[in-house]
Amino acid sequence: QVQLVESGGGLVQAGGSLRLSCAASGRTFSSYAMGWFRQAPGKEREFVAAISWNGINTYYTDSVKGRFTCSRDNVKNTVYLQMNSLKPEDTADYYCAARIGSQGSVYSYQYKYWGQGTQVTVSC
C-alpha cells in the first residue's frame, strides 16, 4: 500500500510559479507510475501530468504543456510538479496519484492510490 501526501500549494499571482511535491510512503515507490490531476470548483477532476516509474516518460495535458514539468526522485520517494507561468484557470485542488505499472495514464480510474490534495489559487 502507498500513502501519498501533497504539499506546496498556495496563492500566487498570474505569471508566477509553484512547485508541488508528493511524498510517498513505502519501499516500492519505483514500482508505480505517478500522475497529477486537478479539480476546479464545480468541475470534474482532470488529468494534468504523468510520469513513468523511472522518470523517463512524461505526459501532459495540452493546456499545461511548456509550462508544467513533472519529475520524480525515487530515492526520496517523491514526485514533483513544477508549475510556471501560472494562469487563473490553473486554480484548482491538485492531487497526486499512484498507478501500478511502468507508465502513466490520463485516466483517473487507472490509479489506485490518491493523496488528499493541495490547493492552488492563481490570482489575476
Side-chain angles (χ1 to χ4, degrees):
Q1 188 163 347
V2 176
Q3 292 185 326
L4 304 172
V5 179
E6 301 97 334
S7 61
L11 173 64
V12 64
Q13 288 188 331
S17 298
L18 283 174
R19 188 194 197 200
L20 304 184
S21 298
C22 173
S25 66
R27 294 179 286 180
T28 60
F29 178 68
S30 60
S31 300
Y32 298 89
M34 300 296 295
W36 286 97
F37 291 77
R38 66 186 179 187
Q39 187 167 17
K43 295 187 177 181
E44 293 186 354
R45 188 172 296 185
E46 65 172 352
F47 169 77
V48 177
I51 190 166
S52 59
W53 69 277
N54 56 6
I56 292 178
N57 296 319
T58 54
Y59 320 86
Y60 301 94
T61 191
D62 286 346
S63 63
V64 309
K65 284 180 181 177
R67 300 189 298 122
F68 290 12
T69 302
C70 185
S71 61
R72 66 189 294 163
D73 185 332
N74 285 347
V75 174
K76 295 182 178 179
N77 283 8
T78 302
V79 63
Y80 305 97
L81 186 67
Q82 178 67 44
M83 305 186 297
N84 299 329
S85 302
L86 282 161
K87 304 176 181 180
E89 51 263 44
D90 294 318
T91 295
D93 291 326
Y94 283 72
Y95 300 85
C96 70
R99 175 175 187 261
I100 298 173
S102 62
Q103 301 301 318
S105 171
V106 303
Y107 302 108
S108 61
Y109 72 88
Q110 293 186 348
Y111 290 82
K112 185 172 184 178
Y113 302 106
W114 291 81
Q116 84 290 346
T118 185
Q119 188 174 55
V120 172
T121 303
V122 185
S123 63
C124 299

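Note that the structure is a prediction, hence the values are computed from the model and not measured.
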Say whether V106 and V79 are linked into one hydrophobic cluster, either directly or through other cluster members, by side-chain heavy-atom distances under 4.5 angstrom. no
Reported CD1-to-OH distance for the pair I100 and Y111, which is rounded to 0.5 angstrom: 12.5 Å
Establish whether V48 and W114 are linked, either directly or via other cluster members, by ILVMFWY side-chain heavy-atom contacts under 4.5 Å. no
Can you give me the closest heavy-atom contact between N74 and N54, atom names plus distance? ND2-CA, 4.4 Å
Does A23 offer a backbone N or O that forms a donor-acceptor pair with the side chain of T78 under 3.5 Å? no
Using the test disulfide (SG to SG under 2.5 Å), find all partners of C22 that sit at least two apart in sequence or belong to another chain. C96
Indicate, with yes or no, if Y59 and Y109 share a hydrophobic cluster defined by side-chain heavy-atom contacts under 4.5 Å among Ile, Leu, Val, Met, Phe, Trp and Tyr. yes
Any chain of hydrophobic side-chain contacts (each under 4.5 Å) joining Y95 to V122? no
All heavy atoms of A50 vs all of G104, minimum pair found to be CB-CA, 3.9 Å
Gap separating the OG atom of S63 from the NZ atom of K87, nearest 0.5 angstrom: 7.5 Å
Test side chain to side chain contact (heavy atoms under 4.5 Å, CB included) on Y80 and R19; report intermediate values, then the result. CA-CA 7 Å; Y80 305 97; R19 188 194 197 200; 3.6 Å; yes
Over 12 non-hydrogen atoms of neighbours within 6.0 angstrom of CD in Q116: yes
When rounded to the nearest 0.5 Å, the distance separating OG1 of T121 from CG of L86 is 10.5 Å
Distance-only check: which donor-acceptor pairs under 3.5 Å involve side-chain atoms of residues 28-37, not counting sequence neighbours?
| from | atom 1 | to | atom 2 | distance (Å) |
| --- | --- | --- | --- | --- |
| S31 | OG | T28 | O | 3.4 |

Set of residues satisfying side-chain hydrogen bond (donor to acceptor under 3.5 Å, both in side chains) with respect to D90, sequence neighbours excluded: R38, R67
With the 4.5 Å side-chain cut-off for hydrophobic clustering, are F68 and L20 part of the same group? yes
I need the T91 OG1 to Q119 CD distance, nearest 0.5 Å. 8.5 Å
Under the side chain to side chain contact (heavy atoms under 4.5 Å, CB included) criterion, do M83 and L81 qualify, and how do the steps go? CA-CA 6 Å; M83 305 186 297; L81 186 67; 3.9 Å; yes
Provide the closest heavy-atom pair for D73 versus V75 in the form atom of the first, atom of the second, distance. OD1-N, 2.9 Å
Which atom names give the shortest non-hydrogen contact between G101 and W53, and what distance separates them? O-CB, 4.4 Å
Neighbour count above 12 (heavy atom, 6.0 Å) for E44 CD: no
Closest non-hydrogen atom pair between L4 and Y113, with its separation: CD1-O, 3.5 Å
Is T69 reaching over with its side chain to a backbone N or O of Q82, donor-acceptor style, under 3.5 angstrom? no
Could you tell me the separation between the CD atom of Q103 and the CD atom of Q110, rounded to the nearest 0.5 Å? 12.0 Å
To the nearest 0.5 Å, tell me how far S52 OG sits from R99 CZ. 11.5 Å
Closest non-hydrogen atom pair between S123 and L11, with its separation: CB-CD1, 4.3 Å
Using a 3.5 Å distance criterion without hydrogens, assess whether the side chain of Y60 forms a donor-acceptor pair with backbone atoms of C70. yes
